[in-house]
Trainee: 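Let me begin by handing over the structure; questions about it come next.
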Amino acid sequence: MLLSSDILIQAVANGLLTGAIYALIALGLTLIYGVLHIINFAHGALLTAALFAAFFADRVLGIDPWISVFALAPAFFALGYLLQRLVVWPASRGEDRAILLVTLGLAVIIENGLLFQFRSDTRTIDHPFGFDVVELGTMLLATTRVVAFFAAIGVAAALFVFLAMTDTGRAIRAVAKERLGAELSGVDVPHIYAVTFGLGTACLAVAACLLLPSYYVTPQVGNAFVLVAFTIVVLGGMGSVPGALAGGLFIGVVESISGLLYGETLGQLGIFLIFILVLLFRPQGLFGAKA
Amino acid sequence: MRDHLAPVLIVLALLAGVPLVVDSNVVLNFLKVALMLALAGTGWNLLGGYGGQFSFGHAVFFGTGAYAVAVLQVRFGINAWAAFGAGIVLGAVLGLAIGWLTFRAGLRGSYFALVTLAFAEVARIIASVWPLTGAGAGILIPLREGFLTLQFGSRAEGYWFVLALLGIAMLIVRAIEVRRFGAQLVAVRENEDAARALGVDVLRVKLLAIALSGGITASAGAFYAQTFLYLDAGLAYGPWISVEALLTAIVGGIGTVWGPLLGALVLQALSELGKHLGGDAPGLGLVLFGAVLILVVRFAPNGIVGLARSLRPRRLARG
Amino acid sequence: RAQGGPIRIGVIHPVTGALAFSGAQGRVGAEMAIADVNAAGGIKAMGGAKLEAVLGDARSTPEGGVAEVERMASGNVAAFVGGFASGICLATTQAAARYDIPYLVDVGVADNIVTRGLKNTFRFGPGFGVISRVAIENLVAMNDAAGKPARTVMIVHEDSLFGSGLAGLLNRELPGKGFEVLETIAHPTPTRDFSNVALRIRSRNPDLVIPASYYNEYVLLARTMQQQRVRPKAIFSVLGGAASNYRFVREFPDAARFIMDCNHWVDGRNPSAQALRRKVDAANQFFTYELFLNYANIMLLADALERAGSADKAKLTEALASSTFSGHFMPYGPTKFENGQNSGAVPVVTQVLDNDIKVIFPASVAEAPAVFPVPA
Amino acid sequence: MLDVTGLRAGYGPAEVLRGIDLTVRAGEIVAVLGANGAGKTTLNRAISGVIAVRGGTIRFDDEDIAGSRPAAIVSRGLIHVPEGRRIFPNMSVRENLVMGSYARARANRARNLDRVFATFPRLAERTRQAAGTLSGGEQQMLAIGRGLMAEPRLLILDEPSLGLSPLLVEEMFALIGRINAEGLSVMLVEQNVVQSLALAHRAYIIEQGEIVLSGAAEALAADPALQKAYLGL
Amino acid sequence: MAELLAEAEGITVRFGGLVAVNDASVPVPEGCIVGLIGPNGAGKTTLFATIAGFQKPNAGSIRFRGADITRLPPHRRAALGIARTFQIVQPFAGLTVRENIAVGAHLRHAGRADALAAAEAVADRVGLAPLLNLPAASLTVAGRKRLELARALATEPQLLLLDEVLAGLNPSEIRDMIPVIRAIRDGGVTVLMIEHVMQAVMALAEEIHVLAGGRIIARGGPEQVARDPAVVEAYLGHGAAARLQGGAHA
Ligand SMILES: Nc1ncnc2c1ncn2[C@@H]1O[C@H](COP(=O)(O)OP(=O)(O)OP(=O)(O)O)[C@@H](O)[C@H]1O
Ligand SMILES: Nc1ncnc2c1ncn2[C@@H]1O[C@H](COP(=O)(O)OP(=O)(O)OP(=O)(O)O)[C@@H](O)[C@H]1O
Ligand SMILES: [Mg+2]
Ligand SMILES: [Mg+2]
């Protein structure tokens, strides 16, 4: 098949735009994974919840997602914080496999609670820039996605600095590997766990507000993103913020190019094959430290 | 050694008697599905519970067993029983292949979990485009009831069949538990380096475990295909199957013979209960199910087997 | 059953899980029909016996559907309606067959649902084979009528049974009918982004785009095409979620305008169809094919009950098999079941015109003339 | 400064500490000695709030801290350098030390870092190495260094000489003496009985969760029963 | 001197830029107790890891009973009769002490009953008998050290590598352990031990190798090594050296 370089370049650009959103979702996952050592099965459901929140902010209160993000991100931080403090932690008592089940239970509750409350309709918003494009040479890039791209990169960068430079960031990393040691250094472990969960959830709120103008909401919508996010987390190296960002962008481009060449279905295969290859040759992920 | 198998045999015999005293198809259907999940969970438990290798992708085995039995019958005209056996073998071989790729590369813990998840996804995508598996259209096993076609006319027969499969699987697990292989498997779960230092061939132990695990879970998939007679990629390889396999084992009691069976029964019952309490409002039943799941975890952190043990007077460790 | 007690009807749909939206729509249709039958005096041949819906949730899986069949069979239902997805219908019809309880398939378009020799299984709507054959015939006829404006085609389809089956058929049939298929693009459900698909369409610039996708993907595709300024001469879809969905028409009128769809649809001129439409609007629901197909199936069942004069399984099955029901609002004519398939069932072509969905083909049931090719 | 009375604690059904009474006065080095499994580590864990206290009181600076959270106890300046090092393996040596000043003495972080590096030059050479790859002895130094970063008022050291070479053990005890001379109180849990008693002012002997002997270190060192039980003489 | 059971020859191990072990050779005569001492970070544990097969050397070879085993994986070496303990203990935390030891015993005993019986016998030898039914997680550090020893012994090794198994014991406990280790040697097991507890090394080892900065800086009999000025400077310190001298004369 003949593909002009124009098309290839635009496909790469599209991939990067999508990848940034993936990265943001993966970022939340990798944070929670890195500290709680567990794959948060409720991540997809929480993303769905965030999308619903952004949707109703727009529909009912008339607040554009790009504005409401400034309220929803803190609100979802609080939600995540409280979920961890009041549900996940007490129910699991910090046991890895119990956390797994609790997050699974949460996912079922959130997803079906939304279904029960709002039914399974597909909802979309009519965003003022919904059909605008940024023209870059021959490329037409959706304005909403370009904005999302830069916002996502910004959030990732901020998070990276936060983890590397601040005491709370260091405490998060410390708790991740050595709980007792952290406790004896004066770290309030349940608090740090909850902060981490809150941060991961806040990332979802940001992702939701960026996604909504070009996407839709249903009670199952989050899951499609989370499967990719899992891949990205491993690809980038578990717990690594730059890894999640790079992995997200990389996966976005791979998906885009292989989708272009082999069709969207087989294009998905491209993601997972890359994933398996990376794991076989660099099991610690692109940015992961060796075990 | 016989003594070790006795409790399993007794319970199996009791379960086998159910259709003789209960003639509600609702109950039998309930039990049949629960036993099928228990079977999938028993496979998961061997690798995840005893071997400590948590898989999030056991659908890859379930689906392969299911597709094998369907494709071999439909496309190649192979007898259903032979196809069923082939499905189990294929599950085991696939287990070996996946194990060889992942364990050799030293993948463990959550990495392993996510790699298996990826394998299941790859399988799902392949099955959704490959003409042999019916691609997107799926594959339908023609309806022909009979012993030779392994399609049972009565609910009881199907029930006994899956019970027999589960029984064999449980006996295998029980036998492993009291042998060298079992001890080594558990040692690998607890600490690979220490196991290696004590002369355990960690790779071999894991490979054997994943092969057995794959075979057992594949038999559940084969049973599924042979019962519902229709498969598509989402049904065979969908992520929910992977979740149910691990859920039954963990809720029941990880690393125990009884865990998956108890877990499957309890989870199925909870799901029915949720449905009952939630009424006809879509979603409400599952919300209740999720809430109860969290409560179960809260009050039975070591699974139902663990709960039962803690209620009994403390027993000295097995000797 | 006590004389004069209500007649229980098992209404099984996937109202949770991936298919929840379609399942819920189907349930609404069945419940509306049952209410209407009861309001009109119930089953007169049975002394005005009322119908009672026993609701079931198949949870979007075959085993979920079977569990509901078992539960309801032990609760003495006279018949089943529903299923929605082919995979569920295959399993539920088979389970119901063990009890010889008649089963009316609402949507489930897979042809083999009715070719397995199950005596209890009836499908009122058209199966996949008929839909796709008619779709191609209609497309060719419309193109011919308009002076063959469309010659090149791109197909975008979801990768499960319905999309890939259709794409295969189109690829086989269209070249012989004067069309050139430039490219066929498969995508999974869900697909997160259609930018590249739009990109490819833009670069190949086909006259005609044929999407065969479920609702969410369809909407994303149409939106992305609009955004990327992809404007083919027509978008002609088959069983295509959005082109026969009022939500889409309302929310994205620009993206939806002039889209055509070959699908299950009511005879828009039929008064009872119009009445139902009003009722659905009043109830703040969307008028979708899942809804009215279930409605029609209940009507068909009520008619069979009248003729059988009994809720006895064998008699009811017999009455269904010999049914010549014509009091429905589908453009099918009187029902006539051959091996359980209603042989008169056909799809029609609809188009989004003036923010409404109108039947445009075949002429015998058309409400409005087709706009084809689409004005630039 | 630290006043423990009637302390009881344990794990699950097993009660390990069965009424411990112990005091550390300001400026003292107190050695806690006892056989394996006597409950020394459990005592430390109970004092620093890592495990629940089942009875008795723990007063630090005249306030009851029994039942407080570890973070709160650390903020008061009671720092526990745990057995088995418990450093952060994924973080660099420097970051480990910085974490030591998470709850206390943040303002003096830079100064304290220099002090720790001066005390343990080996760590200064390895500031960027991941702590998990340090040798056993290096990890021990790091753990103590991390504890010092919080400017402790009372330092609990659980077997600090474990795994150190004789030379370093020597230096370690000298170091403890030095920081004590600067005014820091130390509670020292050790198996290195001879040197501990030589360094400490007072000592307690724990057996099976109870204090069986206590007094001035010199007197204990001369006690024949103790010599037989713990010095292998 | 007895025949060599095992020999590490010219071993070099690098971690990135760091040379942890630098061209070190350690011969281990059969039937002996050989000590390996040296400052923290000298590379002792790393050298052990290469002998047991956990660490690939960048250069050098490992010989066992004359055969080159440099490329064998750890479990094959265990089967040949090399057992190691871990300085940072690695118990099977979720298992009981008995089950922990039985894993080692299974190397030579296929049957469950045999392995458990062997485990109990070994537990007796190292003083773990009263703790057999406890979960390994509840052992104290010293208990875990014993467990390391017991598990290794249960594999019925010919060469036993002990990495600081006496650390964390008090002097009288160390005194009690010395005969245990000696008895192991007398039972025909060759021992190579890393130990910082000099009294024990001096009492047990027939030959001592001193590793510093990755290199062997001294070797010889205990008395000789303890007097070596380089060893005193790098490792013992003058205080300890003096005490050892005193002890030796006492
Ligand atoms: N996490 C735990 N769970 C259950 N029991 C424990 C746990 N930790 C310690 N124990 C038990 O508590 C008792 C006291 O242990 P502790 O660690 O306090 O002893 P110790 O005096 O510090 O010994 P050592 O000198 O070996 O470090 C021991 O019998 C031990 O088996
Ligand atoms: N995986 C690794 N990566 C980087 N450096 C390492 C690694 N393992 C060990 N080292 C370094 O190699 C050197 C030797 O370590 P080793 O553990 O062999 O020392 P040791 O002699 O056993 O010391 P100790 O007596 O303190 O246990 C140390 O400086 C250590 O930091
Ligand atoms: Mg201790
Ligand atoms: Mg060492």
Trainee: Of the backbone (N, CA, C, O) and the side chain (C-beta and beyond), which part of A:Pro219 lies under 4.5 Å from a heavy atom of chain B, both, or neither?
Mentor: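 Neither part.
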Trainee: Identify which of B:Phe299, B:Phe289, B:Phe56 forms the greatest number of heavy-atom pairs closer than 4.5 Å to chain A.
Mentor: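 Greatest number of close heavy-atom pairs with chain A: B:Phe56.
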Trainee: With a 6.0 Å cut-off on ring centres, are B:Phe103 and B:Phe112 close enough?
Mentor: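 Ring centres of B:Phe112 and B:Phe103 closer than 6.0 Å.
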Trainee: Can you see which heavy atom on B:Tyr50 is nearest to which on B:Glu177, and at what distance?
Mentor: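 For B:Tyr50 versus B:Glu177, the nearest heavy atoms are OH-OE2, 2.8 Å.
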Trainee: Give, as side chain, backbone, both or neither, the part of B:Leu295 having an atom under 4.5 angstrom from any heavy atom of chain A.
Mentor: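 Neither part; nothing is under 4.5 Å.
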Trainee: Between chain A and each of B:Ala291, B:Ala113, B:Gly283, B:Gly303, count heavy-atom pairs under 4.5 Å; write down the option with the most.
Mentor: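 So the answer, after comparing B:Ala291, B:Ala113, B:Gly283, B:Gly303, is B:Gly283.
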Trainee: Flag this pair as yes if the NZ/CZ of A:Arg85 is under 6.0 angstrom from the six-membered ring centre of A:Trp89 and inside a 45 degree cone about the axis; otherwise no.
Mentor: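 No, a cation-pi geometry is absent between A:Arg85 and A:Trp89.
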Trainee: Between chain B and each of A:Val108, A:Val87, A:Ile109, A:Thr103, count heavy-atom pairs under 4.5 Å; write down the option with the most.
Mentor: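 Counting heavy-atom pairs under 4.5 Å, the top option is A:Ile109.
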Trainee: Does any backbone or side-chain atom of B:Ile254 lie under 4.5 Å from a heavy atom of chain A? Answer side chain, backbone, both or neither.
Mentor: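 For B:Ile254, side-chain heavy atoms alone lie under 4.5 Å from chain A.
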Trainee: Are side-chain heavy atoms of A:Tyr81 and A:His191 found at a separation under 4.5 Å?
Mentor: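 Side-chain contact under 4.5 Å: yes.
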Trainee: Looking at B:Val122, B:Val251, B:Leu117, which makes the most heavy-atom pairs under 4.5 Å with chain A?
Mentor: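 Ranked by heavy-atom pairs under 4.5 Å with chain A, first place is B:Val122.
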Trainee: Check A:Val175 against A:Ala182 and note the closest heavy-atom contact, atom names and distance.
Mentor: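 Distance-wise, the nearest heavy atoms are CG2-CB, 3.8 Å.
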Trainee: Using non-hydrogen atoms and a 4.5 Å limit, figure out which bit of A:Ile110 sits close to chain B: side chain, backbone, both or neither.
Mentor: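 Neither part, no heavy atoms under 4.5 Å.
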Trainee: Using a 4.5 angstrom heavy-atom cutoff, name the option from B:Val115, B:Leu293, B:Thr102 with the most pairs to chain A.
Mentor: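 Looking at each of B:Val115, B:Leu293, B:Thr102 in turn, B:Val115 comes out on top.
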Trainee: Looking at B:Arg204, I want to see if its CZ is surrounded by more than 12 non-hydrogen atoms of other residues, nucleotides or ligands under 6.0 Å.
Mentor: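 No, CZ of B:Arg204 has 12 or fewer neighbouring heavy atoms, counting only those of other groups under 6.0 Å.
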Trainee: Which atoms of B:Val129 are under 4.5 Å from chain A, going by heavy atoms: the side chain, the backbone, both sets, or neither?
Mentor: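 For B:Val129, the side chain is the part near chain A, not the backbone.
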Trainee: If I measure from the heavy atoms of chain A, does B:Val292 come under 4.5 Å with its side chain, its backbone, both, or neither?
Mentor: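 For B:Val292, neither part sits under 4.5 Å from chain A.
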Trainee: For the residue pair A:Tyr22 and A:Phe250, is the inter-centroid distance of their aromatic rings smaller than 6.0 Å?
Mentor: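 Ring-ring flag for A:Tyr22/A:Phe250: false, centres at least 6.0 Å apart.
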Trainee: One thing to verify: whether B:Glu192 and B:Lys206 come together as a salt bridge, which I'm taking to mean a side-chain N less than 4.0 angstrom from a carboxylate O.
Mentor: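 The answer is yes: the pair qualifies as a salt bridge.
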